[in-house]
K.L.:
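Take a look at this one; I'll ask things after.
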Amino acid sequence: MQKIQTIRTIAQMQSLSKDWKREGKRIGFVPTMGALHEGHLSLVELVRPQCERLVVSVFVNPTQFGPKEDLERYPRNLEGDLSRLAERKVDVVFAPEKGEIYKKEHATYVEVEGLSSVYEGAIRPGHFRGVCTVVAMLFNIIMPDVAAFGQKDAQQAAVLRHLTQDLHFPIRFLVGLTIRESDGLAMSSRNAYLTSAERRKATVLFRALKAGEARIQAGERDGGNVREAMKDVLSGVPEFKPDYNDIVHPESFEKVNEICGDVLLIIAGKIGSVRLIDNLLVQQKT
Ligand code: AMP
């Protein structure tokens, strides 16, 4: 099995990326917070054919966690991550310490206005500011030609696509499909927190999304009715406490009342102490 190079400093990563660029190698990049699962690995597979060198970052980014969130207990397993990536032709894992990325005097933050303040942004104030800041830094450190993000975090992908365009990063932006467990639960590092009883209940998000999709496919055009159909399924599992349950435009995240094009069904909430988020893109047949 190939041994992956692990880099922990910005200077070393930037120097290697510059060497690769001089050699004309296209660099692919998949940012992660580690505790890797098949969802992350699918992004590696998505980028691989488009680059000659591939970097995966593993960094639990403190600035995207709120004060009451799970930063301290977020699962960390770099050895396990390295062995999962070893079979996937990854060249470098960039795994800096917190103090390497955020120097004591750090004072610069990146914010995508508007889109960052609804849904996930409203429930988790400052979350997207943290995500955007670290991704902009990682883009400057790794200098990728192509980078991949998951549709699982659809709003994050929309925010980061905006950032990439607005700041003129010369990076091809890919979004990979959501990878699910066999019962429909979207894979997530946080699923590891679920008790077995909670794990069984957690399928309710996907079931609600599918119910919404079925209504649209049956010809329903009223957003309110589709929301109700999703809500009916969610209320069957009272342990699930929704933060939101809605139908939005897939890029702007504006609420959709009358369905006349592609829409995104979005759900997020908590089961016990575990926060779950999922979405489903419903495309109109042309
Ligand atoms: P995270 O480690 O949770 O920050 O996720 C790193 C990247 O993997 C993000 O672009 C996520 O959207 C993506 N990702 C997480 N879960 C999945 C999944 N189940 N399927 C596809 N991509 C995912």
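Each ligand, and each atom within it, is numbered from 1 in the order the structure gives. Residues take their numbers from the sequence shown, with the count starting at 1.
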K.L.:
Between the side chains of Glu213 and Lys210, is the shortest nitrogen-to-carboxylate-oxygen separation below 4.0 Å, so that they form an ion pair?
P.N.:
yes
K.L.:
Are there any protein N or O atoms under 3.5 Å from the N or O atoms of ligand 1? List them with distances, or say none.
P.N.:
from	atom 1	to	atom 2	distance (Å)
ligand 1	2 (O)	Met33	N	2.9
ligand 1	2 (O)	His40	NE2	2.9
ligand 1	5 (O)	His40	NE2	3.4
ligand 1	10 (O)	Gly150	N	2.9
ligand 1	12 (O)	Gly150	N	3.2
ligand 1	12 (O)	Gly150	O	3.3
ligand 1	12 (O)	Asp153	OD2	2.7
ligand 1	16 (N)	Met187	O	3.4
ligand 1	19 (N)	Ile179	O	3.0
ligand 1	19 (N)	Met187	O	2.9
ligand 1	20 (N)	Ile179	N	2.9

K.L.:
Which of these passes side-chain contact (heavy atoms from CB on, under 4.5 Å) with Tyr244: Val118, Ile123, Ile267?
P.N.:
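The side-chain contact (heavy atoms from CB on, under 4.5 Å) with Tyr244 is passed solely by Ile123 among Val118, Ile123, Ile267.
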K.L.:
Under the side chain to side chain donor-acceptor pair (under 3.5 Å) test against Arg84, which residue among His37, Glu38, His40 passes?
P.N.:
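Testing Arg84 for a side chain to side chain donor-acceptor pair (under 3.5 Å) against His37, Glu38, His40 leaves exactly one candidate, Glu38.
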K.L.:
Check Lys25, Lys21, Arg53, Arg26 against Asp145 for a salt bridge (Lys or Arg N to Asp or Glu O under 4.0 Å) and give me the one that passes.
P.N.:
Lys21
K.L.:
Inspect the contact between Arg199 and Asp183 and indicate whether a charged nitrogen and a carboxylate oxygen are less than 4.0 angstrom apart.
P.N.:
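Yes, charged N to carboxylate O under 4.0 Å.
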K.L.:
Before accepting this row, confirm whether a basic side-chain N of the pair Asp70/Arg275 lies closer than 4.0 Å to the acidic partner's carboxylate O.
P.N.:
no
